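What follows is one structure encoded as structure tokens, with my remarks underneath.
Since we're looking at a predicted model, the values are computed, not measured. Quick note: numbers below take in every heavy atom, side chains included, and nothing from hydrogens, waters or symmetry partners.
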Amino acid sequence: LLGPRCLIISCQVVTPHCRPNSSRPSPRMPILTALPESVCEAVAEHLWLGDLLPFATTNRDLHWVSTKVADAFFKSAFAGMAPCRQIRFGRRTMPDWLTTFATLQPRCLVCGYCSRWRSQTCALPFELNSVGPWFVEFKYVATKAPNGTPGIGVVDAASLAKTTARDDGVKLVSQDLCCRWLGDLSQLSDGHFAMSLSPYDGTLFAKRCQEETCNCAQLNWVPIRDQQSKWNRPLHCGFLLKNRCLTFFRMDNEGCWHSGETVCKNLPNFVSPCMFMSSY
């Protein structure tokens, strides 16, 4: 990608490990239709997701049993994560397990080039319990960017809900299940908590509920990319949520992760992972 201020940002969340979907074909088992529901449910509970999907296509009753088992599995495996909204497919609402699965897929937040990027905050379509542990990973490339690079961080999920409900000029736009607001919420004075970090040079912005202006600091990080160069290698970065504390990480050129100091030790109960762009 060439042009002024090229930007590519993608994101994924690292969650509790699940066994990969089985690639083995699973034959239909008509005999299960004659078994009691409790027996079918016990059979479904011992199947991996790759085998549970063909199991659900046997008939409508087994489809209901499989959905119930899958919902319970995802609720247990991803406890502390809540999708921001239900997903509809036509007139039907997706089951909880499928909504969770679609929400946690890696996604591209911004891609392209522009002479002047609009200031915005892009929140991923889920909320995380700050007790954790959760690790959210980003990968992006920014070039020809004299005004700085985008930041990664969190916003108080309750504040985002209040901002959405108010008509205060902050517009909510839905794109790829993500929520986007005009303006960098880590630097705006709107009575909420938000914190962002620019991984290229370690510039940190923080906005607390009681403060009218944001605070700026600098992590003890050596700049790892030149944001004004014509091209940069992709940078892997992210942050860890654990025991209501926030710690940022960055990968060096050798593929090793390095962390900074814990920048916040009293996070809100639920936070939304975000990407921030200001005067870009």
Side-chain angles (χ1 to χ4, degrees), residues 9-30 32-33 35 37-109 111 122-139 154-155 157 160-161 164 172-180 238 241 270-275:
I9 299 181
S10 62
C11 173
Q12 67 178 346
V13 60
V14 179
T15 52
H17 293 288
C18 300
R19 177 175 174 174
N21 292 343
S22 174
S23 58
R24 296 178 291 102
S26 299
R28 297 189 178 189
M29 296 168 284
L32 290 175
T33 60
L35 297 177
E37 178 182 323
S38 58
V39 176
C40 294
E41 185 172 344
V43 172
E45 289 176 350
H46 288 80
L47 296 178
W48 300 104
L49 291 180
D51 296 323
L52 187 61
L53 294 179
F55 179 82
T57 62
T58 303
N59 61 29
R60 181 172 298 180
D61 292 335
L62 292 184
H63 180 274
W64 183 86
V65 170
S66 300
T67 301
K68 179 181 177 182
V69 172
D71 285 344
F73 170 78
F74 272 80
K75 184 177 181 180
S76 174
F78 302 101
M81 192 285 298
C84 294
R85 67 187 70 180
Q86 285 288 338
I87 303 176
R88 300 187 63 85
F89 184 77
R91 296 183 178 181
R92 295 185 177 182
T93 301
M94 285 188 178
D96 294 340
W97 76 268
L98 192 55
T99 298
T100 302
F101 182 79
T103 297
L104 293 178
Q105 292 302 300
R107 62 192 71 247
C108 182
L109 303 180
C111 183
C122 177
L124 297 177
F126 54 86
E127 303 171 359
L128 296 176
N129 190 325
S130 59
V131 175
W134 297 97
F135 185 82
V136 184
E137 180 181 348
F138 294 80
K139 180 178 70 173
V154 298
V155 177
L160 288 184
T164 305
L172 174 65
V173 181
S174 177
Q175 180 177 346
D176 189 26
L177 302 180
C178 295
C179 303
R180 299 174 186 268
L241 300 175
F270 280 87
V271 294
S272 295
C274 296
M275 181 272 299

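Scanning all heavy atoms of the two residues, the minimum distance from W134 to N129 falls at CD1-O, 3.4 Å. Shortest non-hydrogen contact noted between S272 and C274 is O-SG, 3.3 Å.
Note on ring orientation: taking the six-membered ring where Trp is involved, the planes of F74 and W97 are tilted (angle from 30° to 60°).
Counting heavy atoms from C-beta on, the side chains of L128 and V136 come closer than 4.5 Å.
F78 contributes atom CZ, which lies 6.5 Å from atom CZ of F73 (distance to the nearest 0.5 angstrom). Separation of atoms OG1 (T103) and CG (L124) is listed at 10.0 Å; rounding is to 0.5 Å. In this structure, CE on M81 lies 4.0 Å from CG on L104, to the nearest 0.5 angstrom.
Without hydrogens or angle criteria, S76 side chain to A72 main chain gives no donor-acceptor distance under 3.5 Å.
Checked against salt bridge (Lys or Arg N to Asp or Glu O under 4.0 Å), K75 has no partners two or more places apart in sequence or in another chain.
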